[in-house]
2 protein chains.
Amino acid sequence: MNTPKDAVQPGGEPVAQARAFSSHDHTLCSGHALALAEEMAQERNLRLTPVRRRALEILLEAHRAIGAYEVLERLSEEGFGKQPPVAYRALDFLVDHGFAHRIRRLNAFVACGHPGEDHAPIFLICRDCNAVAEAEGGPVRNALDAAGAAVGFVVERASIEAVGQCPSCASVAA
Amino acid sequence: MNTPKDAVQPGGEPVAQARAFSSHDHTLCSGHALALAEEMAQERNLRLTPVRRRALEILLEAHRAIGAYEVLERLSEEGFGKQPPVAYRALDFLVDHGFAHRIRRLNAFVACGHPGEDHAPIFLICRDCNAVAEAEGGPVRNALDAAGAAVGFVVERASIEAVGQCPSCASVAA
DNA sequence: GGTATTCATGTTATATTATCACATTCCTAT
DNA sequence: ATAGGAATGTGATAATATAACATGAATACC
């Protein structure tokens, strides 16, 4: 077996920091999070099949937001299918069941930092290093629900994504 | 000259309602909004060239979120360029200067309902009719800024998009 | 255990969205 | 008038995503 964990990045583009701003949420770390996901799947009677499981691992190992085609590349290297639907289906499953999130602004996916917990995530995207942090968005979501209610709109799902500067890039810039 | 205003929709897909939920914001209505945009452009020394102006008109007339290629089709019918960059450049200009917004969830663009005013829009997208309403998101944005600040992140721009059910679809469903 | 049903995977093909690179034209400011 | 920058146009291609259908695996039911 190869060691995709150590694979280098292809391009020379700025690469996102490996960890979220401020503190590193170890929930995300591959082993633990994966075990957690297994448990959850069991409880909820979800089928965390090999492709799905591996797709989640890939997101966890990357520890940043990555595109479907990048996930696909890794999956296919490991003997899974080579065609886009393979990746999209696995990722859709993960997103649908709260194991991962889709970052629309980046056309990318990121492992969920709090799988299982019922939460209202918001995403903070650094314009410099491209890191994506998942933050607690309860209050934001409440405000959004209220804004919707004010015009008779019932919010079911939301994507709340902010672009700005993360602390470490801000300090470098200064 | 042809009458693109009356052009029928191509597909048979559900088409978004022509107006925002609850009340129809006439600021959006083509003539007035366009005049307003002209004024603004003058004040700010922006070049609202023919393609850009027409692209804005197209968004205003559509009165819903439409994709870049749909805008392009209309532009090209009217003698502007036929290649994607023509539409993307015009739309980017409009978005950059606050004449329009990009709805990431739909890969689409919509005319701004409050051009010129400094505002924090949020978008309410009906899952049934696909209508997009631009709502006031001041409080939501404040909550988002606060959430960012809590982890040292400075929010510069945000996309806040909610998917749910609009009042009229809710009443039809009931 | 057998079998019907559903769900999951894989494939080919194609649709949709977006950008690159470069030539030309137009505006504006000297 | 003319140099510089901005805007437009083109062809080409990249990047993202879905459709449609065949095969195979898990599950449920008897």
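Note that the coordinates shown come from a computational prediction; the quantities given were computed from them, not determined experimentally. Side chains are part of it too, since the values below use all heavy atoms of this structure and drop only hydrogens, waters and symmetry mates.
For DNA chain D, the span of nucleotides reached by chain A at under 4.0 Å from its heavy atoms goes, 5' to 3', from D/dT16 to D/dA26.
In terms of modelled atom types and a separation under 3.5 Å, the side chain of A/Q165 and the main chain of B/F153 share no donor-acceptor contact. In this structure, A/E134 contributes its side chain and A/G113 its backbone to a donor-acceptor pair below 3.5 Å. In this structure, the side chain of B/H119 engages the main chain of B/E117 through a donor-acceptor pair within 3.5 Å. Side chain of B/Q83 to main chain of B/P85: no donor-acceptor pair is present (N/O by atom type, distance under 3.5 Å, no hydrogens or angles).
Taking the six-membered ring where tryptophan is involved, the planes of A/F93 and A/F99 are essentially parallel, since the angle between them stays under 30° and well short of 60°.
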Review item, nucleotides 28-30 of chain C N/O atoms under 3.5 Å of protein N/O:
none

N/O to N/O distances under 3.5 Å, protein versus nucleotides 17-19 of chain C:
{"residue": "C/dA18", "atom": "OP1", "partner": "B/R102", "partner atom": "NH2", "Å": "2.9"}
{"residue": "C/dA18", "atom": "OP2", "partner": "B/Y88", "partner atom": "OH", "Å": "2.9"}
{"residue": "C/dA18", "atom": "O5'", "partner": "B/Y88", "partner atom": "OH", "Å": "3.3"}
{"residue": "C/dA18", "atom": "N7", "partner": "B/Y69", "partner atom": "OH", "Å": "2.5"}
{"residue": "C/dA18", "atom": "N6", "partner": "B/Y69", "partner atom": "OH", "Å": "3.1"}

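When side chains are defined from C-beta on, A/N130 counts as touching A/L106, because their heavy atoms get closer than 4.5 Å. When side chains are defined from C-beta on, B/I125 counts as touching B/R105, because their heavy atoms get closer than 4.5 Å.
Shown here for B/I103 and B/A65, the closest heavy-atom pair between the two residues is CG1-CB, 4.4 Å. Here the shortest heavy-atom pairing between A/R54 and A/E78 reads NE-OE1, 2.5 Å.
Taking atom CG of A/L91 as the reference point, atom C1' of C/dA8 lies 15 Å away to the nearest angstrom. Remark: C1' of C/dG10 and CZ of A/R54 are 19 Å apart, rounded to the nearest angstrom. Summarising the geometry, the separation between CG on A/N45 and P on C/dA8 is reported as 11 Å, rounded to the nearest angstrom.
In this structure, A/F123 has its ring center under 6.0 Å from that of A/H101.
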